[in-house]
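To keep things clear, I will list the structure first and then write my remarks on it.
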Amino acid sequence: MTLQDLSTPALLLDVDIFESNLRFMADRVSAAGKALRPHAKAHKCVEVARRQIEAGAVGVCVATVDEAEVMVRAGVSDILLTSPIAGARKCSRLAALAQHLSVVVDHAEQIALYDAAAQRAGSQLGVLVDLDVGDHRTGVSPGQPVVRLAEQVLASHSLIFRGLQAYSVRASHLHEADNRAEYSAKVLAPAAETKALLERRGIETALVTGSSTGTYQADCDSPFLTELQPGSYVLMDVAYARIGGIQFGHALTVAATVVSANHPDRVTVDAGFKAFSTDRPFGPEALDLPGSRYEWAGDEFGFVYLEDAPRRVRLGDRLRFIPPHCDPTVNLYDRLHVCRGEEVLESWPVMDRTASHRTYA
Ligand SMILES: Cc1ncc(COP(=O)(O)O)c(C=O)c1O
């Protein structure tokens with residue numbers, strides 16, 4: 001099968017670039033003496049997770065209960081849910097996975113919910129305290145509030161204190177590597193002091209996890225983090241390409257077809273709002289058409305302006321686009337078509353949403 005046989009829009013994974021990204025990150029993190037736990041929310045794909053683990057990752061991170069269940073069913077045995085959750089039903093679903101899963105908490109009530117769920121399931125659930133390192137999105141302030149939650153976990157019936165999570169979303173996409181390094185070191189400093197505070201209380205924090213594709217280089221040198229959780233590196237997107245200093249290749253593209261070509265300055269492709277993430281102030285970029293510019297033209301359509309493009313584009317031509325943001329783009333598709341050049345080698349399912357327990361809370 002070739003790319004021409006695919007119905008568009010279609011999500012493509014260039015296998016050679018993917019494998020190169022995979023190995024580069026695994027080697028760099030291992031050379032730094034740290035564990036790698038890639039974030040699977042970027043790809044939501046069991047086949048990708050398996051290959052990350054084969055390349056040396058200790059396991060994966062997930063962002064939702066559904067993702068955790070899919071990964072456990074696929075045989076991934078060491079998973080961290082990086083999002084705090086609320087609600088007894090979800091806690092019960094997670095407690096059932098406890099043998100393969102750790103979770104994060106940022107509130108005393110959450111600890112009580114998890115403890116009750118783990119007791120009901122007869123399981124022991126690993127728990128990390130999630131630190132707010134300045135994003136104010138999730139997490140508890142460094143210092144005494146962390147100590148109180150850690151002590152509550154230690155005093156619980158069915159929870160095991162495993163360590164800390166210190167992830168900065170703001171650090172990940174700052175422009176220029178030096179700015180990211182400086183900001184990451186700044187926000188991790190209070191987290192490191194918190195670890196020392198815990199240790200003075202006799203609480204061992206074996207695991208400290210965080211980092212991203214944007215900050216992993218600097219975070220490899222952090223004496224504080226024991227584990228890195230970058231996600232996008234394996235696929236890449238326009239957002240990461242634009243911030244400077246990111247050396248991963250564009251493994252992920254969306255193939256689209258030129259469906260109208262009646263104007264000298266532009267063509268229309270069959271990929272619009274429903275084909276790409278729309279959360280960034282910029283659109284996708286054509287991989288093989290430098291000098292062109294994409295503009296949204298509707299749910300199913302996009303304009304490609306050709307002013308400075310080096311070649312003519314005709315009706316029926318296939319174009320490939322780097323998505324603005326990989327995670328929410330992958331989330332729009334059911335399959336990742338794995339390709340080498342024009343050849344489609346196989347096709348990997350993106351997480352099966354219909355198989356989850358979405359009807360529950
Ligand atoms: C908690 C957490 N860790 C790690 C990551 C991975 O970040 P990236 O995809 O930017 O490498 C994310 C992404 O949003 C995240 O939310």
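All ligand and atom numbering here is 1-based and tracks the order in the structure.
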*For Thr82, take its heavy atoms, then give the atoms of ligand 1 lying under 4.0 Å from any of them.*
1 (C)
*Between Arg50 and Glu47, is there a side-chain N and carboxylate O pair less than 4.0 Å apart?*
yes
*Using heavy atoms and a threshold below 4.0 Å, how should the contact between His39 and ligand 1 be classified: side chain, backbone, both, or neither?*
side chain
*Do Val127 and Ile111 have side chains that get closer than 4.5 Å, going by heavy atoms?*
no
*Can we say Glu69 and Arg93 salt-bridge, meaning some charged N sits less than 4.0 Å from an Asp/Glu carboxylate O?*
yes
*asked:* Please evaluate residues Ser184 and Asp219 with respect to the criterion side chain to side chain donor-acceptor pair (under 3.5 Å), reporting the C-alpha separation (whole Å), side-chain torsions for both, the decisive distance (0.1 Å), and the verdict.
replied: CA-CA 7 Å; Ser184 185; Asp219 296 337; 2.7 Å; yes
*Looking at Lys41, which atoms of ligand 1 are within less than 4.0 Å of one of its heavy atoms?*
13 (C), 14 (O)
*Would you check the N or O atoms of Tyr233, main chain and side chain alike, for any that come under 3.5 Å of an N or O of ligand 1?*
no
*In terms of atom number and element, which parts of ligand 1 are under 4.0 angstrom from non-hydrogen atoms of Ser212?*
7 (O), 10 (O), 11 (O)
*Are the charged groups of Arg293 and Glu307 less than 4.0 angstrom apart, N to O?*
yes
*Looking only at non-hydrogen atoms, which of Val104, Thr213, Thr209 approaches atom 11 (O) of ligand 1 most closely?*
Thr213
*ligand 1 atoms in contact with Tyr240 (distance to a heavy atom under 4.0 Å)*: 8 (P), 10 (O), 11 (O)
*Is Arg137 near ligand 1, meaning one of its heavy atoms is under 4.0 Å from it?*
yes
*Any nitrogen or oxygen of Gly231, main chain or side chain, under 3.5 Å from a nitrogen or oxygen of ligand 1?*
yes
*Distance-only side-chain donor-acceptor flag, Asp270 / Thr8, under 3.5 Å*: yes
*In terms of side-chain heavy atoms, does His250 have a donor or acceptor partner in Glu285 at a distance below 3.5 Å?*
no
_Considering non-hydrogen atoms of the protein only, which is the closest contact for atom 2 (C) of ligand 1, and what is the distance?_
Gln229 OE1, 3.3 Å
*asked:* Just to be sure I'm reading this right: ignoring hydrogens, which of Gly210, Ser232, Ser211 gets closest to atom 8 (P) of ligand 1? Compare them by their nearest heavy atoms.
replied: Ser232
*Pick out which of Leu36, Val58, Val29, Val208 makes a side chain to side chain contact (heavy atoms under 4.5 Å, CB included) with Glu227.*
Val58
*Give the numbers and elements of all ligand 1 atoms closer than 4.0 Å to a heavy atom of Pro230.*
11 (O)
